[in-house]
Amino acid sequence: MPRIELTTRGRVVVVPLDAAAIGPCALVSPALPDLKGERFVDLFTLRCTVLPLARNMPPEFREEHAVRVVLGALSLTRVAPGAGAVDGAGDALKVVHRTNG
């Protein structure tokens, strides 16, 4: 099991993953504190899907969110995680600089 690390005053969770982690995942916390350190939620589960991206991220940036989409002439359609190959699909990323956001 990977070691989970909290950064940025406990607001960012870092979970190191290897290539075998591709697929559905869940981050489960038995208790979630608020900003004052008091119990906010007794049990918190964040479900996500780990997918490979076809690019290398420069180390000074981190990806906060990604979606796979198909861009049409007048439309944008989100592709479900784990869906097979879709013609015209691409990845849209929310990327921030690690030191100055």
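- In this structure, CZ on R62 lies 13.5 Å from CG on L93, to the nearest 0.5 angstrom.
- Evaluation of the side-chain contact (heavy atoms from CB on, under 4.5 Å) rule for L76 yields V69, L71 as partners, not counting sequence neighbours.
- Using a 4.0 Å cut-off between charged side-chain N and carboxylate O, K94 and E64 make a salt bridge.
- Distance alone, capped at 3.5 Å, is enough to place a donor-acceptor pair between the R98 side chain and the P59 backbone.
- Each ring-ring contact (aromatic ring centres under 6.0 Å, His included) pair with one or both residues in residues 57-78, not counting sequence neighbours, appears once here: F61-H97.
- L17 and L27 fall within a single hydrophobic cluster, where Ile, Leu, Val, Met, Phe, Trp and Tyr are joined by side-chain heavy atoms under 4.5 Å apart, directly or via other members.
- Residues A26 and T45 share a closest heavy-atom pair of CB-CG2, 4.2 Å.
- For C25, the side-chain contact (heavy atoms from CB on, under 4.5 Å) test picks out C48, V50, with sequence neighbours left out.
- For the atom pair CZ of R68 and OG1 of T77, the computed distance is 14.5 Å after rounding to the nearest 0.5 Å.
- No more than 12 heavy-atom neighbours from other residues, nucleotides or ligands sit within 6.0 angstrom of CZ on R78.
- Considering only heavy atoms from C-beta on, M57 comes within 4.5 Å of V95 through its side chain.
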